[in-house]
Each structure stands twice: as structure tokens, then as C-alpha cells.
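Keep in mind that the numbers below use all heavy atoms, side chains included, and drop hydrogens, waters and symmetry copies.
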Amino acid sequence: MQSRFPRALTLVALAVAMALSQPVLAGGPIKRVDPVYPPDAARSGTTGYVEVEYSVGADGKVTDVSVVDAKPGRVFVAAAVKAVKQWEFAPGEAHGKVKLEFKL
């Protein structure tokens, strides 16, 4: 008769490994800087969005920002990235994703 203990131990180890491999999601920022609407886009009445992923360092500051999606094209990307890089979170490493809407 085989013991179930080694199999149970293997399942527990797998569950722990999966839990540890999941990214820690950032909560809401404690300092949020809104993006500046690009003047050319405002003059032309252009609206859109930029979706970004970001990493938060141990000190709570954003360390990396990458664009996931943007409509239209690159019109709002620079403003969105500049704003998110100024956000601050509670100390602790984490990752997050946000969609910034640009509406007039």
C-alpha cells in the first residue's frame, strides 16, 4: 500500500511554489499625478486612452513603465508614462496595470 503523505507533500509544495510565483499587485497609489493633456490633441479634439503596466520598488516608487495598448497610436503615450512614473505607493515591491483615459 502506497503512502499518500509524499503525494500530499508534493501537492502542498506545488501550491506554495505557485503562490510565490504570482506577482504582488500594487494597491492604489498614495501619490497619483494625473497626465497632462497634450496641447495638440486638445486643440484637435482627440480623445483616447493608454494602458500601462508598471513595477513598484521596495521604496514605493515606480521603477518601470511599459505601454500595453494605446489608442490612437502614440498621441498620449508620453504624457501617460510621465505621469505614472511620478506615482508613489506604500513601500514594498509590486506590479500593477492601469488604463488612463484622455477625454475632453
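The two residues Ala79 and Pro35 make their nearest non-hydrogen contact at O-CB, 3.6 Å. Nearest heavy-atom pair across Pro72 and Thr47 is CD-O, 3.4 Å. Taking every heavy atom of both residues into account, Pro38 and Val75 meet most closely at CG-O, 3.7 Å.
Hydrophobic clustering, with ILVMFWY side chains joined whenever heavy atoms are under 4.5 angstrom apart, keeps Val36 apart from Leu104. In the hydrophobic clustering of ILVMFWY residues, with side-chain heavy atoms under 4.5 Å counting as a link, Val98 and Val68 come out apart.
A distance below 6.0 Å separates the ring centres of Phe102 and Tyr37.
Cation-pi geometry between Lys99 and Tyr49 is met: the NZ or CZ atom falls under 6.0 Å from the ring centre, inside 45° of the normal.
Counting heavy atoms from C-beta outward, Asp59 and Pro91 have side chains that stay 4.5 Å or more apart. In this structure, Glu53 and His95 have side chains that are not in contact, with every pair of non-hydrogen atoms separated by 4.5 Å or more. The shortest distance between side-chain heavy atoms of Val67 and Val81 falls below 4.5 Å. Taking 4.5 Å as the limit, some side-chain heavy atom of Val84 sits within range of a side-chain heavy atom of Leu100. Side chains of Arg32 and Asp34 form a contact here, defined as non-hydrogen atoms less than 4.5 Å apart.
Using modelled atom types, one side-chain atom of Trp87 and one backbone atom of Val33 make a donor-acceptor pair closer than 3.5 Å.
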Review point. Would Thr46 and Phe76 satisfy side-chain contact (heavy atoms from CB on, under 4.5 Å), going step by step from the backbone distance to the final call?
Key: CA-CA 10 Å; Thr46 303; Phe76 301 108; 4.0 Å; yes

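Annotation: the span from Lys71 atom NZ to Glu101 atom CD amounts to 12.5 Å, rounded to 0.5 Å.
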